[in-house]
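Since the structure is predicted, the reported quantities are computational estimates derived from the model, not experimental observations. In this chain, residues are counted from 1 in sequence order.
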Amino acid sequence: MATTRSAHTVWEGNLLEGNGVVTFDSSGAISEQPVTWAARTQEPGGKTSPEELIAAAHASCFSMAFSHALAQAGTPPTKLVTSADVTFQPGEGITGIHLTVEGTVPDLENDAFVAAAEDAKVNCPVSQALKAVPITLSAKLA
């Protein structure tokens, strides 16, 4: 069964001096978050950015896909800690994403862990949606 999740942004003013508020409509799990161009291209200053939202989506999706793949292979993880770093270059756009994962997986060798992580990187739905952007990965067992 397909699902749809929704969010919306209200933006006021021009790009450089304006500001917006992102609302997470589907879940309401995250309070409204402010966004500005300055937060996107300089220090966040307590505001989010599209890149931070993409990083959160990618880290969580990858963790789910990786956990599922490991369990399907008979080596379910005890814990996976994933971070995603999304690089934005003004004038160019998003130029790269780097995933870092460290896991606790009983009875699994590091080489098998890294290979499974590479497969999850390629096949998680967010990676698939972002495949126009170079995605790199660092993976190791804890």
Side-chain angles (χ1 to χ4, degrees), residues 1-12 15-142:
M1 180 176 185
T3 59
T4 300
R5 301 294 182 253
S6 302
H8 77 275
T9 299
V10 176
W11 185 268
E12 296 177 349
L15 174 63
L16 299 180
E17 297 160 1
N19 61 77
V21 176
V22 177
T23 302
F24 298 84
D25 300 323
S26 300
S27 68
I30 302 170
S31 64
E32 292 182 340
Q33 296 296 308
V35 293
T36 64
W37 177 253
R40 190 174 193 185
T41 60
Q42 300 166 28
E43 291 301 314
K47 298 173 180 73
T48 194
S49 68
E51 291 72 30
E52 184 177 41
L53 298 170
I54 289 169
H58 207 173
S60 59
C61 183
F62 171 85
S63 293
M64 289 182 212
F66 192 22
S67 174
H68 180 66
L70 289 168
Q72 292 292 95
T75 54
T78 302
K79 183 177 185 179
L80 298 173
V81 178
T82 304
S83 63
D85 299 308
V86 177
T87 302
F88 175 73
Q89 178 64 46
E92 292 181 45
I94 295 173
T95 58
I97 300 170
H98 185 73
L99 298 169
T100 302
V101 62
E102 186 171 320
T104 304
V105 186
D107 303 320
L108 188 66
E109 298 292 324
N110 195 66
D111 289 347
F113 181 81
V114 171
E118 284 288 345
D119 187 62
K121 177 194 83 169
V122 170
N123 292 305
C124 97
V126 171
S127 290
Q128 288 291 308
L130 299 172
K131 60 184 164 186
V133 177
I135 301 170
T136 56
L137 173 71
S138 298
K140 69 177 183 175
L141 288 170

>> Measuring from atom CG of L70 to atom OG1 of T78, what distance do you get when rounded to the nearest 0.5 angstrom?
In response: 10.5 Å
> Which heavy atom of S49 sits nearest a heavy atom of R40, and at what distance?
Replying inline: CB-CA, 4.0 Å
> Does S63 reach the main-chain N or O of A59 with its side chain, forming a donor-acceptor pair under 3.5 Å?
Replying inline: yes
> Can you name the nearest heavy-atom pair linking F62 to A120, along with the distance?
Replying inline: CE1-CB, 3.7 Å
>> So which atom in I97 and which in H58 form the shortest heavy-atom distance, rounded to 0.1 Å?
In response: CG2-ND1, 3.5 Å
> Can you find a heavy atom in the side chain of S67 that is under 4.5 Å from one in the side chain of L80?
Replying inline: yes
>> Nearest 0.5 Å, please: how far is OG1 in T23 from CD1 in I30?
In response: 11.0 Å
>> Would H98 and S138 count as a side chain to side chain contact (heavy atoms under 4.5 Å, CB included) here? Give the steps.
In response: CA-CA 8 Å; H98 185 73; S138 298; 2.9 Å; yes
> Any idea which heavy atoms bring T48 and A39 closest together, and the distance?
Replying inline: O-CB, 3.9 Å
>> Using only atom types and a distance under 3.5 Å, with no angle test, would you say the side chain of N110 pairs donor to acceptor with the backbone of L141?
In response: yes
> Between I94 and V133, what is the shortest heavy-atom contact and its length?
Replying inline: CG2-CG1, 3.9 Å
> At what distance, to the nearest 0.5 angstrom, does CD of E51 lie from OG1 of T41?
Replying inline: 9.5 Å
> Nearest 0.5 Å, what's the SG-CG distance between C61 and L130?
Replying inline: 9.0 Å
> Do you know the tightest heavy-atom contact between K121 and L137?
Replying inline: CD-CB, 3.8 Å
> Under the side chain to side chain contact (heavy atoms under 4.5 Å, CB included) criterion, do T87 and Q89 qualify, and how do the steps go?
Replying inline: CA-CA 7 Å; T87 302; Q89 178 64 46; 5.7 Å; no
>> Using modelled atom types and a 3.5 Å cut-off, is there a donor and acceptor pairing between side-chain atoms of Q128 and backbone atoms of V122?
In response: yes
> Are the side chain of Q33 and the backbone N or O of S31 linked by a donor-acceptor pair below 3.5 Å?
Replying inline: yes
> If only atom types and distance count, is the side chain of S127 paired as donor or acceptor with the main-chain N or O of N123 below 3.5 Å?
Replying inline: no
> What class does the angle between the rings of W37 and F88 fall in, given that below 30° is parallel, 30 to 60° is tilted and above 60° is perpendicular?
Replying inline: perpendicular
> Is a side-chain N or O of S6 found less than 3.5 angstrom from the main chain of S26, in a donor-acceptor match?
Replying inline: no
